[in-house]
Amino acid sequence: MNIQTSVQKAIETLYGQQVNAAQVQLQKTKKEFKGHLTLVTFPLLKISKKNPEQTAQEIGEYLAINEPAIAEFNVIKGFLNLTIAPVYWVGMLNEINADKNSGLTAQTEDSQLVMIEYSSPNTNKPLHLGHIRNNLLGYSLAEIMKANGYKVVKTNIVNDRGIHICKSMLAWQKWGNGVTPESTGKKGDHLIGDFYVLFDKEYKKELGELHDKGLSKEEAEAQSSLMAEAREMLRKWEAGDMETVALWEKMNSWVYAGFDETYKRLGVDFDKIYYESETYLTGKEQVLEGLSKGIFYKQEDGSVWADLTTDGLDNKLLLRADGTSVYMTQDIGTAKLRFKDYPINKMVYVVGNEQNYHFQVLSLLLDKLGFEFGKGLTHFSYGMVELPEGKMKSREGTVVDADDLIEEMISTAKETSKELGKLDGYSEEEANKVSEIVGLGALKYFILKVDPRKNMVFNPKESIDFNGNTGPFIQYTYARIQSVLRKAAEQGISLPESLDTTLILNEKEEDLILNLNQFKEVVKEAADSYSPALIANYVYDLVKEYNQFYHDYSILREENEALKKFRLVLSLNIGKVIRTTFSLLGIDVPDRM
RNA sequence: GCCCUUGUAGUUCAAUGGAUAGAACGACGGUUUCCUAAACCGUAAAUUUGGGUUCGAUUCCCAGCGAGGGUACCA
């Protein structure tokens, strides 16, 4: 049964005109009014040529007579409140219950292929809170696209080359005394990060000394021997110097081992990883080809540029005077390789909004170079994670480290669970498992419930709540539903495939079914608008309402057997939606907590 | 300078142009012989300012103020 369609048909019949779905604004009726669904008639006045009240009255009368699903209606101002007939409710639930795909769309042979790039770390420092947002959004988006029938390739472009990694390498060579992750017991990415910081410290010191000798900032930077050494190292690397490349490989391998651990902990993964060291040369070729075709131009110093002024943008550097490549060059090369590797229909880049301009330019450049997909690429641009005092700054040591944060969330979850006595009778292993699910659930939900486009604030001191609109609140509800279902099974209650439709439900039950019924639509909208937050907020509303229902009415102690079974099936399906939505968010749910 | 994003209770977040702007945390008060109290109920508390479009604006447009980001050899 689709009320939307029948209302649309009613309007077309009444006024003899086609109307589109957007004009038929059906929304949930507000609590203070009688009814389930409300039609806003204002957009229809042009068609009806009557005032709002008359229009609402006419449509209401028509529906009451011709649409059996509509039991009654009332009109308040321009709003037509429709009440759905009692016999339709259980039928709706039966339909939902029978859906083997949980409301999701399966992939087919001719599904579109979407490639989603996310994470994209530099190899000179460990992941931080900003990366966590990126990873969670990227992974969740991939799951959401899959749930809408797309084929998805999750990809990661690792920025493994460049001056930044040379800085770490140089610092390690100079002051590292040959330490390794094994010898220090440190994760590889953290170890390398430490050397990056060390380089920066020593470089600052050198600049300070030069400054004291009376040099200006620019002169000092130009004369810095440390920076010169780092540049020399990069040059050697690009020239393929054996020793440099070997060191680079060794240090990067430490970093990857560290990243892998963090990714695993976060529960994110990739189908294909690209390395900039393998794509930048292709980028260079593309740029040089563009140059020969006259798409780009060369300056006197030998640097290569794109003139984008006719597109309303500036000139953009593509190759430095010394012939080395920049970020943009690499992205062009990576794009080329990807489309060679996969028949991609849609390319999505999950990258922070600080790079909006970069992707605007990339899109134009790819288009100019003749890549069909240039114009169609999507930059899924998300906001920064800020601290109460502002942006995270590595120099000021205010960066929230990903590994630390994850560890802290899990241990806090464990403490809280213990205090509440939730872990009584659990083995150490089980307790750890639940703590991990809950701790990570709190972290992930906290980040994903926010509109991705917006900057968000994270307060490390207050940490993350476990009550209210949080992951654990929803996980708790899920666990309680499982408990009720277990108890029902113990009592030997079997749940029917299809429920008796003559049951009369209460208001809360009807509302819950209405909410469940929206699930498919929400999943679709989440994909269309690239917003995991939509799903998170939807499931929170559902859970909040279920908790109220759970509090007001009993399930297992209900004496009417048919009603008891209905409530069990209702709970079962709410549990299913929680599990499904959470899996789209990359969050686990526990059977007990 | 120019360009982009953004501004909602004390705080963190909601609200396809629709009815009296929803939640949560925090504050204050209440609920447990009953299926998991990480729950439920109640009270106080908000749209940055000024115009405009509209039957109707937190939402769209213009201007001001505040915040963040980008802006040719960092990624």
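The chains referred to below are lettered A, B, ... by the order of the sequence lines, with proteins before strands, and numbering in each begins at 1.
- Within 4.0 Å of A/A479, counting heavy atoms only, lies at least one base atom of the nucleic acid.
- A straight line from OH of A/Y478 to P of B/rA38 spans 19 Å, rounded to a whole angstrom.
- B/rC13 sits 32 Å from B/rG30 when the P atoms are compared, rounded to a whole Å.
- Contact annotation: side chain of A/S120 to base of B/rA75, donor-acceptor pair absent below 3.5 Å.
- A cation-pi geometry, defined here as NZ or CZ lying under 6.0 Å from the six-membered ring centre and within 45° of its normal, holds between A/R480 and A/Y550.
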Pairs under 3.5 angstrom only: tabulate donor-acceptor contacts from the side chains of residues 315-323 of chain A to other protein residues two or more places apart or in another chain.
residue: A/N315; atom: OD1; partner: A/Y297; partner atom: OH; Å: 3.2
residue: A/R320; atom: NH1; partner: A/T324; partner atom: OG1; Å: 3.0
residue: A/R320; atom: NH1; partner: A/S325; partner atom: O; Å: 3.3
residue: A/D322; atom: OD1; partner: A/T324; partner atom: N; Å: 3.0
residue: A/D322; atom: OD1; partner: A/T324; partner atom: OG1; Å: 2.6

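- Among the atoms of the strands shown, base atoms are found under 4.0 Å from some heavy atom of A/Q25.
- Of the residues near RNA chain B, A/R480 and A/M384, the one whose nearest nucleotide (by heavy atom distance) lies more toward the 5' end is A/R480.
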message: side-chain hydrogen bond (donor to acceptor under 3.5 Å, both in side chains), that's the test. Do A/N353 and A/H379 meet it? Break it down for me.
response: CA-CA 9 Å; A/N353 63 14; A/H379 174 204; over 6 Å; no
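- Contact annotation: A/K544 reaches the phosphate of B/rA24 (side-chain N/O to OP1 or OP2, under 4.0 Å).
- A/L420 has its CG atom 12 Å from the P atom of B/rA37, to the nearest Å.
- Taking the 5.5 Å centre cut-off and the 30° plane limit, the aromatic side chain of A/Y357 is not classed as stacked on B/rU71.
- Residue A/S483 has a polar side-chain atom (N or O) positioned under 4.0 Å from OP1 or OP2 of B/rU36.
- With ring centers used as reference points, A/Y540 lies under 6.0 Å from A/F473.
- Annotation: side chain of A/L405 is not in contact with side chain of A/H128 (no heavy-atom distance under 4.5 Å).
- Nearest-nucleotide assignment on RNA chain B puts the 5′-proximal partner with A/Q548, out of A/Q548 and A/G162.
- When distances are taken from the side chain of A/Y327 to each of B/rG69, B/rA75, B/rC73, the shortest belongs to B/rA75.
- If you check every strand for non-hydrogen atoms under 4.0 Å, A/K316 touches nothing.
- Taking atom P in both B/rC62 and B/rG68, one finds a spacing of 23 Å when rounded to whole Å.
- Among B/rC40, B/rG69, B/rA38, the nucleotide with an atom closest to any side-chain atom of A/N547 is B/rC40.
- Looking at A/E558, A/E561, A/E559 one by one, the single match for salt bridge (Lys or Arg N to Asp or Glu O under 4.0 Å) with A/R567 turns out to be A/E558.
- Distance A/D541 CG to B/rA23 P: 10 Å, rounded to the nearest Å.
- For A/Y550 and B/rA39, the ring-to-base geometry does not satisfy the stacking test (centroid distance below 5.5 Å, interplanar angle below 30°).
- B/rU31 sits 42 Å from B/rU6 when the C1' atoms are compared, rounded to a whole Å.
- At the heavy-atom level, A/T324 lies nowhere under 4.0 Å from the strands shown.
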- line: Counting primed atoms, P, OP1 and OP2 as sugar-phosphate and everything else as base, the B/S/- map of nucleotides 1-14 of chain B against protein heavy atoms under 4.0 Å is ------S----SSS
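- Side-chain proximity of A/R320 to the nucleotides B/rA23, B/rA38, B/rA75 is greatest for B/rA75.
- Spacing between atom NZ of A/K418 and atom P of B/rA38 amounts to 17 Å, rounded to whole angstrom units.
- Taking atom NE2 of residue A/H131 and atom P of nucleotide B/rA75, one finds them 15 Å apart after rounding to whole Å.
- Distance alone, capped at 3.5 Å, is enough to place a donor-acceptor pair between the A/N148 side chain and the A/I144 backbone.
- Within residues 558-571 of chain A, no residue places a heavy atom under 4.0 Å from RNA chain B.
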Show me the protein contacts with nucleotides 19-22 of chain B, counting only N or O atoms at under 3.5 Å.
residue: B/rA19; atom: OP2; partner: A/K30; partner atom: NZ; Å: 3.3
residue: B/rA19; atom: N6; partner: A/T38; partner atom: OG1; Å: 2.8
residue: B/rA19; atom: N6; partner: A/N81; partner atom: OD1; Å: 3.2
residue: B/rA19; atom: N1; partner: A/N81; partner atom: OD1; Å: 3.3

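- Remark: side-chain polar atoms of A/W248 are paired, donor with acceptor, to backbone N or O of A/D160 under 3.5 angstrom.
- Between A/Y349 and A/F380, the distance separating the two ring centers is not shorter than 6.0 angstrom.
- Here the separation of B/rG17 from B/rG29, taken at their C1' atoms, is 39 Å to the nearest Å.
- Put simply, the side chain of A/D322 and the base of B/rC73 share no donor and acceptor less than 3.5 Å apart.
- Taking atom CG on A/L318 and atom P on B/rA75, their separation rounds to 13 Å, with Å as the unit.
- Among the protein residues, A/Y445 comes within range of no part of the nucleic acid, since none of its heavy atoms lies under 4.0 Å from any strand.
- The distance from atom OH of A/Y546 to atom C1' of B/rA39 is 12 Å, rounded to the nearest whole Å.
- As rounded to the nearest Å, B/rA23 and B/rC41 have C1' atoms that lie 15 Å from one another.
- Comparing B/rG68, B/rG70, B/rC40 against the side chain of A/F473 picks out B/rC40 as the nearest.
- The closest side-chain donor-acceptor pair between A/N81 and A/K34, if any, does not fall under 3.5 angstrom.
- When heavy atoms are screened at a 4.0 angstrom cut-off, A/N467 is found touching the sugar-phosphate backbone but no base atom.
- Taken together, the paired segments of RNA chain B that extend over three or more consecutive Watson-Crick or G-U pairs, each closer than 3.5 Å at both contacts, are B:1-7 with B:65-71, B:10-13 with B:22-25, B:27-31 with B:39-43, B:48-52 with B:60-64.
- For A/H358 and A/Y327, the distance between ring centers is under 6.0 angstrom.
- For A/T41 (side chain) and A/L44 (main-chain N/O), no donor-acceptor pair under 3.5 Å exists by modelled atom type.
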message: Would A/S417 and A/Y426 count as a side-chain hydrogen bond (donor to acceptor under 3.5 Å, both in side chains) here? Give the steps.
response: CA-CA 11 Å; A/S417 303; A/Y426 277 54; over 6 Å; no
message: Using side chain to side chain contact (heavy atoms under 4.5 Å, CB included), reason through A/F466 and A/M409 one step at a time and then give a plain yes or no.
response: CA-CA 10 Å; A/F466 289 71; A/M409 289 307 302; 4.2 Å; yes
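- Atom C1' of B/rC60 sits at a distance of 22 Å from the matching atom of B/rA46, rounded to the whole Å.
- A/L226 has its side chain within reach of A/F199: a pair of non-hydrogen atoms, C-beta onward, lies under 4.5 Å apart.
- Legend: residues meeting ring pair (Phe, Tyr, Trp, His ring centres under 6.0 Å) with A/Y118, ordered by chain and number and at least two apart, are A/F270.
- Here the C1' atom of nucleotide B/rC74 and the CG atom of A/L317 are 12 Å apart, to the nearest Å.
- Side chains of A/N547 and A/T477: a donor on one and an acceptor on the other come within 3.5 Å.
- With both ends at atom P, the span from B/rA63 to B/rC4 equals 11 Å, rounded to whole Å.
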